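Letters A, B, ... mirror the listed sequences (proteins, then strands); counts begin at 1. Here the structure is a predicted model, which means the values were calculated and not measured.
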Amino acid sequence: MDNTENDRDAVARTIAELNARVAYLEDRQAIVDLMTTYGPAVDAGSADAVARVWTSDGVYDVDTGVMCGREEIATMVRGDMHQGYVRAGCAHIMEPGRIRVDRDTAVATGKSMLIVHGGDGFTVLRATANRWELVRTDEGWKCARRIGRVLDGRSEARELLASAGE
Amino acid sequence: MDNTENDRDAVARTIAELNARVAYLEDRQAIVDLMTTYGPAVDAGSADAVARVWTSDGVYDVDTGVMCGREEIATMVRGDMHQGYVRAGCAHIMEPGRIRVDRDTAVATGKSMLIVHGGDGFTVLRATANRWELVRTDEGWKCARRIGRVLDGRSEARELLASAGE
Amino acid sequence: MDNTENDRDAVARTIAELNARVAYLEDRQAIVDLMTTYGPAVDAGSADAVARVWTSDGVYDVDTGVMCGREEIATMVRGDMHQGYVRAGCAHIMEPGRIRVDRDTAVATGKSMLIVHGGDGFTVLRATANRWELVRTDEGWKCARRIGRVLDGRSEARELLASAGE
């Protein structure tokens, strides 16, 4: 092997490494983009936009009920309870989550709070521990399962948060 | 074309592509940096630092009033109402926004809440839907127009959030 | 120097520049990862996971007390007051911070709020101005010092936020 060939190999290897590092950062960006799509959609009451955050058979498992598949998730958003919040004024505020990517899957863990508007102004209706189980699909990163547990002292919510580092 | 020339072209193309991907991630980072400059500045009551988030003729259009240009924005921060909040203790908390970049412009959509301190401790004074219209300038990314609408049930606020995905 | 050598130099320089730009974005990502590790750990009451956010001799300087080193920080998390919040249900919600990196150190500035669950539902117990002084270590980015001051109108909290841009 002559020097030029050596050089060429080194350049190719360096470029391949850079490519992998940039691809990782792009995955992280795409996951943030997916998660931040949820917030505006849910407070606008846009059922289809909310549902598209999930895979077609994605699960949204909240302490108040479990929804399986986009149709059930969209039905919840269109439902009286959610539309009641939207009409009164509500804000599902999310903090930046802890995200860990493992090739084609990822887990994001973080808290959210639901602020609702009413006769007494704005109140914190609930604070929730969230675990997002994400997958890379042909449509980009999607949520395969999201688990939400209200932070009212129940151990399930604490255990969900404790599992963020695993 | 010999092999070496082919190789050189392929390397140049790969590097150009990497460069564009990194530049996109840098834009995203710069936009987050701009938006996270607002929060500490507004709760510190630093009028000039708040105003510099906008372009020199930038608009801050809130349901409580419209400010045009850095001077009007700085005047609001220096004003009795805002300085009253700052003296009592306040926190304009922001969630991570949904950001879409289109070359030299970008739109970020997300919610914020204003927490104020008073005799009864801390209360949520308002939750707001925000749309930031951003532009790349010689000074870096700046806000050309920010629209804020209180989430008290008014349709304008919901429509602002619903437009995040468009 | 012939053309091929010129080309090789130009490629090497471009790759080195790309490498530095990607390394900067990776630093930013690693700092966000460190900061978002704190939230789930603190609300789960996981003392060791909280402590590992700091360097071994890291300082957590809050208006309610100063903790020096991981053991004192872990002791606070295991203490009656913090475990009382965790058992009742609590959420330390963080907003995206303003981050500035200077080679091997960084400063992040942002607000957090402590939501606690009780007989009257959820209330905002405090809103806090935070300054994180971060360092690159053999274990990755760690917090060397975090200062937290409640936003109850005290000038210290405002000054902490005002220093974010310096």
- Near R78(B) CZ, under 6.0 Å, is it more than 12 heavy atoms from other residues, nucleotides or ligands? yes
- Message: Shorter than 4.5 Å, heavy atoms on both sides: which option in G45(A), G118(A), C90(A) has the most such pairs with chain B?
- Response: C90(A)
- Message: Counting heavy-atom pairs closer than 4.5 Å to chain B, which one of P96(A), G121(A), S112(A) comes out on top?
- Response: P96(A)
- If one checks every heavy atom of R126(B) against chain A at 4.5 Å, the contacting part turns out to be both
- Query: Given a strict heavy-atom distance threshold of 4.5 Å, which part of E95(A) is in contact with chain B: side chain, backbone, both, or neither?
  - Reply: backbone
- Task: Under 4.5 Å heavy-atom distance to chain A, tell me which part of A127(B) shows up: side chain, backbone, both or neither.
- Result: both
- Item | Top contributor to chain B interface from M35(A), H117(A), R87(A) [non-hydrogen pairs under 4.5 Å] | H117(A)
- Item | Contact class of L160(B) relative to chain A, heavy atoms under 4.5 angstrom | neither
- Task: Below 4.5 Å from any heavy atom of chain B, which atoms of V11(A) appear? Answer side chain, backbone, both or neither.
- Result: side chain
- Assert top hit (heavy-atom pairs under 4.5 Å, partner chain B, pool G89(A), P40(A), A44(A)) equals P40(A)
- Message: Apply side chain to side chain contact (heavy atoms under 4.5 Å, CB included) to residues R158(B) and D43(A) and explain how you reach the verdict.
- Response: CA-CA 7 Å; R158(B) 293 199 298 273; D43(A) 290 320; over 6 Å; no
- Could you look at T37(A) and say if it's the side chain, the backbone, both or neither that has a heavy atom under 4.5 Å from chain B? both
- Against chain B, label V124(A) side chain, backbone, both or neither, depending on which of its atoms sit under 4.5 Å from a heavy atom there. side chain
- Query: Side chain, backbone, both or neither: which part of A88(A) has a non-hydrogen atom closer than 4.5 Å to chain B?
  - Reply: backbone
- Walk me through it: do M113(A) and I93(B) pass the test side chain to side chain contact (heavy atoms under 4.5 Å, CB included)? CA-CA 12 Å; M113(A) 48 195 298; I93(B) 303 262; over 6 Å; no
- Measure distances from A12(A) to the heavy atoms of chain B and classify the residue's part below 4.5 Å as side chain, backbone, both or neither. neither
- Query: If you tally heavy-atom pairs under 4.5 Å against chain A, which of E17(B), R154(B), K111(B) wins?
  - Reply: K111(B)
- Check step by step if side chain to side chain contact (heavy atoms under 4.5 Å, CB included) holds for R21(B) and N19(A). CA-CA 10 Å; R21(B) 290 162 62 195; N19(A) 190 59; 2.6 Å; yes
- Item | Trace of the side chain to side chain contact (heavy atoms under 4.5 Å, CB included) decision for L25(B) with V22(A) | CA-CA 9 Å; L25(B) 292 170; V22(A) 171; 4.2 Å; yes
- Applying a strict 4.5 Å limit to non-hydrogen atoms, the region of I115(A) in contact with chain B is side chain
- Message: So which residue, E159(B), M94(B), R8(B), R28(B), ends up with the most heavy-atom pairs under 4.5 Å with chain A?
- Response: R28(B)
- Item | Close side-chain approach of L18(B) to I15(A), heavy-atom, < 4.5 Å | yes
- Find the distance between CZ (F122(A)) and OG1 (T128(B)) and round it off to the nearest 0.5 Å. 7.0 Å
